[in-house]
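Both ligands and their constituent atoms are indexed starting at 1 by order of listing.
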Amino acid sequence: MPDIIQLLPDHVANQIAAGEVVQRPSSVVKELMENAIDAEATIIKLIVREAGKTLIQVIDNGKGMSQTDARLSFERHATSKIKKAEDLFNLHTKGFRGEALASIAAIAHVELRTRQESQQLGSCLKIEGSTLISQENISTPTGTSVAVKNLFYNIPARRNFLKSNTIETRHIVNEFQRVALAHPNIAFSFYHNENEVYNLSTGNLRQRIVAILGKKTNEKLVPIHEITDLVEIKGFVTKPEFAKRKRDEQFFFVNDRFIKNAYLNHAVSSAFENLLSGGHYPTYFLYLTVPTNSIDINIHPTKTEIKFDDEKTLYAILRSAVKHSLGQYNVGPILDFDRDATLDTPYNLKDKNLPNPRVTVNHDFNPFKPEEQKSIQFPYHREKNREWESLYNGLDSANIDFKSETADSEFFSEEKSNSKTYQVHKKYIVSSIKSGIVYINQQLAHQRILYEEFLGNITVKDAMSQQLLFPLELSFNTTDITLIKEIKDELESIGFLFGEISNDTIMVMGMPVNIIESQINGIIENLLEDIKNDIPNTSFSQVDIMAKSLSKSLAIKTGTKLDLKEQEDIVNKLFLCKQPDSSPFGKRTFVTVNIDEIDKKFNN
Ligand code: ADP
Ligand code: MG
């Protein structure tokens, strides 16, 4: 048999590579603009015709290229940005693969004009489908202009695959916005079919955001600034009342590079938890600066995904930074930035030796702060005008006994009572308070209590476990077994104990104290279902979902009769929660009825 393997000719290899780099006109926009930024340009102009299908041109005033470099820049893996493999872990440029120009030139007609400041004449190169058509000396301004015409002219399948001009233009605008938002210190302009779309002068971040998204944005922005050993976070979120139904204004930049990251997005969203009504998403512009050696940009050809060394800690810091800012600007319900930051971290971090996030806190901010440090900070010390705060604003002696072993006597003491709670319709716990009456939904309140307990156990300490007299063997399919193995640690930290785990069975040796044996199977099944329905591969969300799922499974249900002790237990524990007023799923846990309202009913 003759040998049959041969090396692909360059232009074929380039076309294949182009498939990865250039998905649509906006990919070209991104690559060319990034090259201009890497060339240290301060003014960048983008010219587009027919949604980029006939022309995409980027003109910059950067450092330009020598004649030889101009020719070399179209070779595959030709780059001036890295020299050796280690450089990959210390990237300061947008590009580094040396693939973009080669790929683009393989599937379009390209004209490059470039001149370095030190040179009299510049170069002009024309390349079509990887073939050099001409190279000549020309006079041209310092900097570089790359014009890309007739994209995909030689790959009709790709050309036909392009969407309508409206859609392709939208992609280009998005790409332009991302680059422009990342670099407020560079002036950008953008023309489409001779019309000026943007003309952005240099300025600060806020000015750039407002210039791109409109004047009205200004009043909506809440600034964020946090510096820790691991990361510096700058930028803005918008106030919750301006949340949008679309997610199109969510921007993360890492070391000035736009990235997408579901996990970090979750961190921000969770900081907004309970501040947004269903179907609304926070808008944010967040700029993270991390040491270049702590990220890996290499995992995606178009580089919108990044791997972080320590994602979990980053998550915790980001979430607390956003919460902190929302609190400081008085838009969050609970100002909890005095709390131990690890309590905010719903992951299994307990075994990790974390650098303590250095969160700068304005301690003077808390108007209720007592002289001496209290062991527990109650959220309701922090902010006025909370509905549930009225519960405490004058508890009289005949009212609820909020005292508990950890409660702060200043708020609960003397006021204790022979107070009674009542259960109504096996659904609500009712009690009188000074301002009127409180109705607590037993099921939702208990969900909240359990949710916070589970999160606490998973993140901070190991929970109590009860050994089973006879280990329980449960059967699952292989997918579920794999999932159980993944969350085994977390399950053990809340009190489960597992023996052997085979391909289709698990042995349960112990379980949390508040579970009864007959429930175990159902609880684990619900849990697996809930995790499967969540965003994949986000370990935070697994822990959060676990706590939610377990609290839902285990909470006392509507229809359960509660004795007095159980009722009081719920009342006490609920108001020791960080967020007593809502269930883990955002539903109200209690309502109050003011005595005036009751009076009114009698006056009619
Ligand atoms: P990469 O950006 O990954 O290095 P590219 O194919 O995008 O690969 O560019 C190849 C090289 O061409 C760059 O490394 C750079 O040296 C040079 N180059 C490209 N565009 C410009 C520009 N606008 N100004 C100056 N040099 C450029
Ligand atoms: Mg590049």
Side-chain angles (χ1 to χ4, degrees), residues 10-11 13-23 26-47 56-85 87-108 110-119 122-127 130 132 135 138 140-148 151 175-176 178-179 182-183 186-189 255-258 292 297-304:
D10 266 358
H11 70 274
N14 283 338
Q15 266 196 22
I16 294 169
E20 281 209 322
V21 181
V22 186
Q23 274 116 27
S26 65
S27 329
V28 175
V29 169
K30 171 175 160 41
E31 294 296 336
L32 297 185
M33 288 180 66
E34 290 192 344
N35 278 347
I37 291 165
D38 285 344
E40 293 161 20
T42 56
I43 303 173
I44 298 174
K45 182 174 179 179
L46 168 67
I47 301 170
I56 299 161
Q57 184 174 16
V58 171
I59 304 169
D60 70 56
N61 67 344
K63 60 188 177 197
M65 283 178 264
S66 69
Q67 271 185 17
T68 324
D69 282 354
R71 176 69 198 91
L72 262 183
S73 67
F74 289 98
E75 294 294 328
R76 201 142 59 98
H77 306 308
T79 179
S80 56
K81 297 169 194 175
I82 57 171
K83 294 196 167 60
K84 43 190 192 313
D87 295 346
L88 277 174
F89 303 100
N90 190 19
L91 285 170
H92 296 279
T93 52
K94 307 273 172 199
F96 56 88
R97 296 168 161 260
E99 281 180 326
L101 288 185
S103 302
I104 293 167
I107 50 166
V110 176
E111 184 178 307
L112 167 78
R113 293 163 168 265
T114 186
R115 182 171 72 83
Q116 292 177 314
E117 200 173 13
S118 57
Q119 291 171 334
S123 326
C124 175
L125 273 85
K126 289 186 182 151
I127 298 184
S130 298
L132 181 68
Q135 172 159 16
I138 51 157
T140 179
T142 310
T144 303
S145 152
V146 182
V148 176
L151 191 64
E175 213 59 76
F176 176 88
R178 291 167 183 176
V179 176
H183 297 277
I186 298 177
F188 291 94
S189 55
N255 297 355
D256 298 336
R257 188 191 293 276
F258 172 83
T292 46
I297 301 171
N298 213 357
I299 61 174
H300 194 276
T302 53
K303 296 164 288 192
T304 51

With the side chain counted from C-beta on, respond yes when Leu46 and Ile56 share a heavy-atom pair under 4.5 Å apart, and no when they do not.
yes
Run the contact test for Lys63 against ligand 1 with a 4.0 Å cut-off on heavy atoms, strictly below, and give the result.
no
Nearest heavy-atom contact between Arg115 and Pro141 is CB-O, 3.8 Å
Structural part of Ala39 in contact with ligand 1, heavy atom criterion under 4.0 angstrom:
side chain
Around Gln135, counting heavy atoms of other residues, nucleotides and ligands shown, do more than 12 lie under 6.0 Å from its CD?
yes
Quick one: does any side-chain atom of Asn61 pair with a main-chain N or O of Ile43 as donor and acceptor, under 3.5 Å?
yes
Please determine if Asp38 has a nitrogen or oxygen closer than 3.5 Å to a nitrogen or oxygen of ligand 1.
no
Donor-acceptor pair between Gln57 and Ser145 side chains, under 3.5 angstrom:
yes
Run the numbers for me: atoms of ligand 1, each under 4.0 Å from some heavy atom of Ala100, listed by number.
6 (O), 7 (O)
For a distance under 2.8 Å, tell me if Asn35 has an N/O/S atom near the Mg ion (ligand 2).
yes
Heavy atom under 4.0 Å from ligand 1: found in Thr144's side chain, backbone, both, or neither?
side chain
Non-hydrogen atom of Gly62 closer than 4.0 Å to ligand 1:
no
Partner set under side chain to side chain donor-acceptor pair (under 3.5 Å) for Thr292, not counting sequence neighbours:
Asn90
Stepwise side-chain contact (heavy atoms from CB on, under 4.5 Å) test for Val29 and Val58
CA-CA 8 Å; Val29 169; Val58 171; 5.7 Å; no
Should Asp60 be listed as contacting ligand 1, given a heavy-atom distance under 4.0 Å as the test?
yes
Ignoring hydrogens, just give me the one of Met33, Glu31, Met65 whose non-hydrogen atom is nearest atom 21 (C) of ligand 1.
Met65
